[in-house]
Protein chains: 2
Amino acid sequence: MARSDTRFREAYNQILDYCGTLPPSAAMPSETRLAELAGVSRTIIRRCLARMEEEELLAWSGREKLLLRAPRASDRIDVQKQAGGTGDLEQRFLDWVLRFDVPAGTPLSVAELSRNFGVPQHELKEFLAGLSRFGLVSRRPQGGWMLLGFTRDFAIELSDFRCVLELNAVARVAEAPVDHPVWAALAALREAHLRLQREIETDFHEFSKLDERFHQAISSVVKNRFTAEFQKVISLIFHYHYMWDKTEEKARNAAAIGEHLAIIDALEARDAEAAQEAAKRHLRTSKTTLLSSLRHHELA
Amino acid sequence: MARSDTRFREAYNQILDYCGTLPPSAAMPSETRLAELAGVSRTIIRRCLARMEEEELLAWSGREKLLLRAPRASDRIDVQKQAGGTGDLEQRFLDWVLRFDVPAGTPLSVAELSRNFGVPQHELKEFLAGLSRFGLVSRRPQGGWMLLGFTRDFAIELSDFRCVLELNAVARVAEAPVDHPVWAALAALREAHLRLQREIETDFHEFSKLDERFHQAISSVVKNRFTAEFQKVISLIFHYHYMWDKTEEKARNAAAIGEHLAIIDALEARDAEAAQEAAKRHLRTSKTTLLSSLRHHELA
DNA sequence: TTTATGTTTCAAATAATAAAAAACAGCATG
DNA sequence: CATGCTGTTTTTTATTATTTGAAACATAAA
């Protein structure tokens, strides 16, 4: 069979709700009007009206549409929207890859993923096609897909690319006008960093979240559709790896806090040169951390 | 009906070719072995063998597979691979968009594109899903797709992003070792530029190709899967716009040749600083050209 | 002349299906 | 008895067919 009639069901209930607001035995507006109200095509509206006539809610003849009685709750048709949700598929997919440390070269079965994520197959295919643009997956010659990341090369290229994007972002921040919201964000981040620095002995694992917030704030200054997509993926990957590599986590995080503060200092002093240097230092550290976390995983 | 049996047909011919190399009435290798040879699953091999038996090419019983006679050309089955080719869909699609100046906001019908490009619908869907990652198209709320580029914002963001990537590439070139192939390429490009500079009065429209070659050479130094994808799209777009904006084309191209030569000079002198400056100047010019070409198109 | 409805056409979403791949199990042969 | 091969079954993927929904067109009422 064919596509689901969810659209019809939702529209029907919506129309019923609208009828509830009308006085009894009122004339209903035109099909075009109703279609606009429900944000749906006239075809659907006509199906709704037909059903209302069947249910004896409506006397319909030509352009005479008289409401016979107020709709009851029992008149509604239930629309079971399938769980899982197709919205944050990207998040969930990367989460799965990173959390279970799915190795590079793993064949990805669309059918299996479709079951696990509760998403129709064709959506998964489109999704994978999108990821292949980022070089995360690729089509196999004998059909199907295969996971490419996380090799060492991948991590290096990802870090380098991130570096290019972020150094640019830092440069943009340095030349942002005083009333730009980024300055407020940076001031707040400075406080948060200082607070965490004081409590580093106990709360050091809080850093991962702070790191994400920090880089997010810097990147948000660059309004660019091309970078935006990448930032999502990049931040997710670094976020996870920060959380997992437990070797000397406390010392690492303490050092990173210092590096962040150095960047903020330089930016607030509008010293673009110093900010670049500080950012470079921090990104170099990040890259090393990412690579070493990969090594540990490989040994495990 | 279902998928094409191209895979079977190609494998069959391949097996026939292989049989040609065997002595007459030889025993054929195991199914697994043949499957490896043809790069195909055992299921296909068994279909091939079954057909060969039907054609009285083979006496097949259990694991006894005796070749009865050498295969002739007439035994092959022809495999008509549909024209059009799904390979350079990206090239053809962008070509279409740019050549016919398809305006931003145009609804894209998968069915129609599928017919025009001679590519199955589902492939087009995957393709569009990939492009949406670059912000070139997006899904419409009521279903279907819509073209986003070419607005002014798009051109600005594209130029800025290109600038970030290329400045990085220039920096990488400046620190490349002396035996890196890029130096030979640059030397050749210098000659080509000088030659065109001499013949600028007549051959100025040759510049577009040269420009593409130049940026390609610079970018190729950065080995990064993330940038590689973008470069393809970016270069195509700039390439076309260069070709179309006919206003003062000769003067513009002459100036660009000078800018290119300045970049090559600075690079060959290993002066990273000067190279950055020269590149910045050139990219600024490019951006202006792209924007003005858009304005002209809008007026037209 | 405008606006609404009746009718038709076309495209997009999704189920169904044939083809291919992979997994499984039993058997023969050294 | 263990290895490798074939017969069979199960999954999975690529592709078509079908159905719902959107939109274009035509016609009639106000």
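Here is the naming used below: chain letters follow the sequence lines, and residue numbers restart at 1 for every chain.
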Pairing of [X] and [Y] as salt bridge, 4.0 angstrom limit:
| X | Y | value |
| --- | --- | --- |
| A/E36 | A/R33 | yes |
| B/R76 | B/D17 | yes |
| B/R69 | B/D75 | yes |

Roughly, in whole Å, what's the span from [atom1] in [X] to [atom2] in [N]?
| X | N | atom1 | atom2 | value |
| --- | --- | --- | --- | --- |
| B/R140 | C/dA11 | CZ | P | 12 Å |
| B/L49 | C/dA20 | CG | P | 15 Å |
| B/E53 | D/dT6 | CD | C1' | 14 Å |
| A/E123 | C/dA12 | CD | C1' | 13 Å |
| A/I44 | C/dA13 | CD1 | P | 13 Å |
| A/F8 | C/dA12 | CZ | C1' | 19 Å |
| B/D5 | C/dT17 | CG | C1' | 15 Å |
| B/L128 | C/dA11 | CG | C1' | 14 Å |

Query raised in the report: Just one of B/R46, B/R63, B/K65 clears the side chain to side chain donor-acceptor pair (under 3.5 Å) bar with B/E31, so which one?
Result: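 It is B/R46, the one option of B/R46, B/R63, B/K65 that forms the side chain to side chain donor-acceptor pair (under 3.5 Å) with B/E31.
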
Requested in this report: Report the C-alpha separation of A/R133 and B/L131 in whole Å, then their side-chain angles, then the decisive distance to 0.1 Å, and conclude whether the side-chain contact (heavy atoms from CB on, under 4.5 Å) test is met.
Outcome: CA-CA 8 Å; A/R133 286 284 176 152; B/L131 281 193; 4.2 Å; yes

Mind listing the N/O atom pairs, protein and nucleotides 3-6 of chain C, below 3.5 Å?
unit_1 : atom_1 : unit_2 : atom_2 : d
C/dA4  : O4'    : A/R63  : NH1    : 3.4
C/dA4  : N3     : A/R63  : NH2    : 3.3
C/dT5  : OP1    : A/K65  : NZ     : 2.5
C/dT5  : OP2    : A/E31  : N      : 2.8
C/dG6  : OP2    : A/R46  : NH2    : 2.5
C/dG6  : N7     : A/R42  : NH2    : 2.8
C/dG6  : O6     : A/R42  : NH1    : 3.0

Return the polar atom pairs (N/O with N/O) between nucleotides 11-13 of chain D and the protein under 3.5 Å, or none.
unit_1 : atom_1 : unit_2 : atom_2 : d
D/dT12 : OP2    : A/R115 : NH1    : 3.4
D/dT12 : OP2    : A/R115 : NH2    : 3.3
D/dT13 : OP1    : A/S109 : OG     : 3.3
D/dT13 : OP1    : A/V110 : N      : 2.6
D/dT13 : OP2    : A/A111 : N      : 2.9
D/dT13 : O2     : B/R3   : NH1    : 2.9

**Report entry** Among D/dA22, C/dT14, D/dT16, the one nearest B/H122 by side-chain distance
**Finding:**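 Closest nucleotide to the B/H122 side chain: D/dT16.
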
Query raised in the report: Taking the side chain of A/V40 as heavy atoms from C-beta outward, which of D/dA22, D/dT16, C/dT14 is closest to it?
Result: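 Nearest listed nucleotide: D/dA22.
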
Query raised in the report: For the residue pair B/F117 and B/F93, does the interplanar ring angle fall in the parallel (under 30°), tilted (30 to 60°) or perpendicular (over 60°) class?
Result: tilted

Query raised in the report: Does the ring centre of B/F230 sit less than 6.0 Å away from the ring centre of A/F230?
Result: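 Aromatic pair counts; centres sit under 6.0 Å.
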
Query raised in the report: Is the distance between the ring centroids of A/F226 and B/F154 under 6.0 Å?
Result: yes

Query raised in the report: Do B/T43 and C/dA21 share a donor-acceptor pair, side chain to base, under 3.5 Å?
Result: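 Side chain to base: pair found, below 3.5 Å.
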
Report task. Quick one: closest heavy-atom pair of B/C19 and B/M28, and the distance? Result -> SG-CE, 3.7 Å

Query raised in the report: Is B/R7 near enough to C/dA21 that one of its side-chain N or O atoms lies under 4.0 angstrom from OP1 or OP2?
Result: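 Answer is yes, contact under 4.0 Å.
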
